[in-house]
Participant: 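Mind looking over this structure? Questions follow.
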Amino acid sequence: MKKRIKIVDALRGEQVGQPVTVMGWVRSFRNNQFIALNDGSCFGSLQIVVDIDKLGLETAKRLTAGAAISVDGLLIASQGKGQTVEVTAQQLEILGDCPADEYPLQLKNRPSLEYLREIAHLRFRTNTFGAIFRVRHALSFAIHQFYNQRGFVCMHSPIITGSDAEGAGEMFRVTTLPLDKLPKTADGKVDFKQDFFEKSTHLTVSGQLEAELAALALGQVYTFGPTFRAENSNTSRHLAEFWMIEPEVAFADLTDNMNLAEDMLKYVIEYALTHCREDLDFLNQRFAEEDKSKPVAERAEMGLLEKLQFCLKEPFQRLTYTEAIEILKNSTPNKKGKFKYPIKAWGADLQSEHERYLVEKHFKKPVILTDYPMEIKAFYMRQNNDGKTVAAMDILFPGIGEIIGGSQREERLEKLKQRMLDMHIPIEEMQWFLDTRRFGSCPHAGFGLGFERLILFITGMTNIRDVIPFPRFPGSATF
Ligand code: 4AD
Ligand code: MG
């Protein structure tokens, strides 16, 4: 194919005065003269100026929104307002028509996010989703860059797992057994010996346990992969398939873990602010428009960009679960019975209404809660000396709630084994995990960042189904 210049490069204007070839999709065609052409390389569109007499009416009619075209012309400094450069077309070829009467993405009636979710195969073409998925890419790159700069090894943890010990959520089974004719053992149970892996397997809910194995040899590792949870949570914060970043560090305690998490979050927010400016400016404007349509009491205190910048400036608020419970117990909504789940005593699991109160009303900044009651946390978290809490941490973000969950890990073999016994975790099947504690165990810590929750925060979107290309949630696995 002919060599084309990308629109992002054309708009930089360095090639003004030169002949160029550009290809893209028509966003609009107005006054029989101006095409707004977008090729996805950036938010902006390039203006193409055509001479209708040269072009012919037949071709002009085919310049509908969504049509793919190739244009040869001269890149010049623009005379008009609203753009610095434009292309005067010398030759225009329609690569793919887009019939206006059938195309669902017409500029006139801005489609709702709900509708766009139903046509997720086309929503990439809108301004909003173009911006979101460029930001998603930038964040993924920034995360790898952050860990690479710090000497972490990227570790690909398995997607199919034979261990179901994490207890992070309901799992999806993986099997090749015929569902209509399941082989049975003598005592009537499903005979997984005849299954592909000769055992029962699932999609992973977390790469952490495998990351621990690697960290206890490579020192600092992280996973960045898809994870799966079959919990029936039909919320704007949960997906059945989501991507998680899980660093795991040897010779590190809970404070090191909190520092790493805070540094990482600030690094990637800063990265987005410097590298995704055009997309974020658009999302900022979008956020402001959405906000205006809400009742005054529900409006955000800060704009999107303001909120992101604010997060960089302030250290996150760190406090223990016990301190948080005191604040919540004495809070106005608790006293006035406004919480759906009133906080009565120490030990209660925090609901999202409590997390949001702490972050949005009380501290008005990101919060790191530590040292949760042992009973409400996973078996692998390090037991504190008080005998009732563990060295856990959750990071809570405004508008999101929990964005990160992690802990220092229990590195003492006997304590870990006892906790597993108490929680009915099959120790025999977990010998590989316990081996790390048998052979050269050491203090170590890690956490998991939900990638889509991070993107939600940075793009200012409100539904997690809009920040992953093809969301999976109860009742839906289209595309
Ligand atoms: O708190 P979680 O369940 O922690 C773990 O899985 C640990 N193994 C992490 C670790 O220590 N290595 O999940 C971690 C994060 C949450 O804070 C949240 O951001 C995100 O993953 N998350 C989800 N995101 C989207 N949809 C869901 N259903 C999610 N469940 C958790
Ligand atoms: Mg959690």
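Both counts, for ligands and for their atoms, begin at 1 and track the order of listing.
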Participant: At under 4.0 Å between heavy atoms, which part of Arg229 makes contact with ligand 1: side chain, backbone, both or neither?
Facilitator: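 Within the 4.0 Å criterion, Arg229 contacts ligand 1 through side-chain atoms alone.
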
Participant: Can you classify the ring geometry of Tyr357 versus His362 as parallel (below 30°), tilted (30 to 60°) or perpendicular (above 60°)?
Facilitator: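 Correct class here is tilted.
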
Participant: Check contact between Arg453 and ligand 1, using heavy atoms of the residue and a distance below 4.0 angstrom.
Facilitator: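 Flag set, Arg453 near ligand 1.
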
Participant: Does Glu241 come within less than 4.0 Å of Arg229, counting only side-chain N to carboxylate O?
Facilitator: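 Between Arg229 and Glu241 there is no salt bridge, as every charged N stays at least 4.0 Å from the carboxylate O atoms.
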
Participant: Answer yes or no: does an N/O atom from Glu402 fall short of 3.5 Å to an N/O atom of ligand 1?
Facilitator: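 Glu402 vs ligand 1: N/O contact under 3.5 Å present.
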
Participant: Which ligand 1 atoms, with their elements, are less than 4.0 angstrom from a heavy-atom of Gly406?
Facilitator: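 In order of numbering, the contacting atoms are 11 (O).
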
Participant: When you look for heavy atoms under 4.0 Å from ligand 1, do you find them on the side chain of Thr227, its backbone, both, or neither?
Facilitator: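 Looking at Thr227 and ligand 1, no heavy atom falls under 4.0 Å.
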
Participant: By number and element, which atoms of ligand 1 are closer than 4.0 Å to a non-hydrogen atom of Arg237?
Facilitator: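 Taking each heavy atom of Arg237 in turn, ligand 1 has 25 (C), 26 (N) under 4.0 Å.
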
Participant: Is the distance from the ring center of Phe242 to that of Phe451 below 6.0 Å?
Facilitator: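 Ring-ring flag for Phe242/Phe451: false, centres at least 6.0 Å apart.
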
Participant: Give the atom numbers and elements of ligand 1 that come within less than 4.0 Å of a heavy atom of Arg409.
Facilitator: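 Those of ligand 1 that fall under 4.0 Å from Arg409 are 10 (C), 11 (O), 12 (N).
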
Participant: Quick test of your reading of the model: are Arg237 and Glu452 salt-bridged, counting only N-O distances below 4.0 Å?
Facilitator: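 A salt bridge is absent here (no side-chain N lies under 4.0 Å from a carboxylate O).
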
Participant: For Asp394, is there an ion pair with Lys377 - N to carboxylate O distance below 4.0 angstrom?
Facilitator: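 Answer for the salt bridge query: yes.
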
Participant: Could you tell me whether Asp281 and Arg277 have a side-chain N and a carboxylate O separated by less than 4.0 Å?
Facilitator: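 Counted as a salt bridge, because a side-chain N and a carboxylate O are separated by less than 4.0 Å.
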
Participant: Do Phe172 and His202 make the cut of ring centroids closer than 6.0 angstrom?
Facilitator: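 Centroid distance Phe172-His202: not below 6.0 Å, so no.
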
Participant: Return yes or no for this condition: an N or O of Ser206 is under 3.5 Å from an N or O of ligand 1.
Facilitator: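 Between Ser206 and ligand 1 (N or O atoms, distance only) the closest approach is under 3.5 Å.
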
Participant: Any nitrogen or oxygen of Leu449, main chain or side chain, under 3.5 Å from a nitrogen or oxygen of ligand 1?
Facilitator: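 The answer is no, given that Leu449 and ligand 1 share no N or O pair closer than 3.5 Å.
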
Participant: Show which atoms of ligand 1 fall inside a sub-4.0 Å distance from at least one heavy-atom site of Glu246.
Facilitator: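 So the answer, numbered in order with elements, is 7 (C), 8 (N), 9 (C), 10 (C), 12 (N).
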
Participant: Which ligand 1 atoms are under 4.0 Å away from a heavy-atom of Glu231?
Facilitator: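 Going through ligand 1 atom by atom, the ones under 4.0 Å from Glu231 are 28 (N).
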
Participant: For Met393, state whether at least one heavy atom is located under 4.0 Å from any atom of ligand 1.
Facilitator: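 Contact check Met393 vs ligand 1: negative.
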
Participant: When you measure from the centre of the six-membered ring of Phe457, is the NZ or CZ of Lys307 closer than 6.0 Å and no more than 45° off the axis?
Facilitator: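 That pair qualifies as a cation-pi contact.
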
Participant: Considering only heavy atoms, which of Leu454, Ile245, Leu239 lies nearest to atom 26 (N) of ligand 1?
Facilitator: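 When every heavy atom of Leu454, Ile245, Leu239 is considered, Leu239 comes closest to atom 26 (N) of ligand 1.
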
Participant: What do you reckon, are the aromatic ring centroids of Phe316 and Phe397 less than 6.0 Å apart?
Facilitator: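 Yes, they do, as the ring centres are separated by less than 6.0 Å.
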
Participant: Is Arg134 close enough and on-axis enough to Phe43, meaning under 6.0 Å and within 45°, for cation-pi?
Facilitator: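 Checked: cation-pi criterion not met.
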
Participant: Ligand 1 versus Phe447, non-hydrogen atoms closer than 4.0 Å: side chain, backbone, both, neither?
Facilitator: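 Phe447 to ligand 1: backbone contact only, side chain stays beyond 4.0 Å.
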
Participant: Strictly below 4.0 Å, N to O, side chains only: are Glu314 and Lys364 in salt-bridge contact?
Facilitator: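 The answer is no: the pair does not qualify as a salt bridge.
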
Participant: Backbone or side chain, does any N or O of Met244 fall under 3.5 Å from an N or O of ligand 1?
Facilitator: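 So ligand 1 has no N or O lying under 3.5 Å from an N or O of Met244.
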
Participant: What N, O or S atom of Glu402 is found closest to the Mg ion (ligand 2)?
Facilitator: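 This turns out to be OE2.
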
Participant: So for Tyr380, does at least one of its heavy atoms come nearer than 4.0 angstrom to any atom of ligand 1?
Facilitator: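 Yes.
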
Participant: Can you tell which part of Asp394 has a heavy atom less than 4.0 Å from ligand 1: side chain, backbone, both or neither?
Facilitator: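 No part of Asp394 comes within reach of ligand 1.
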
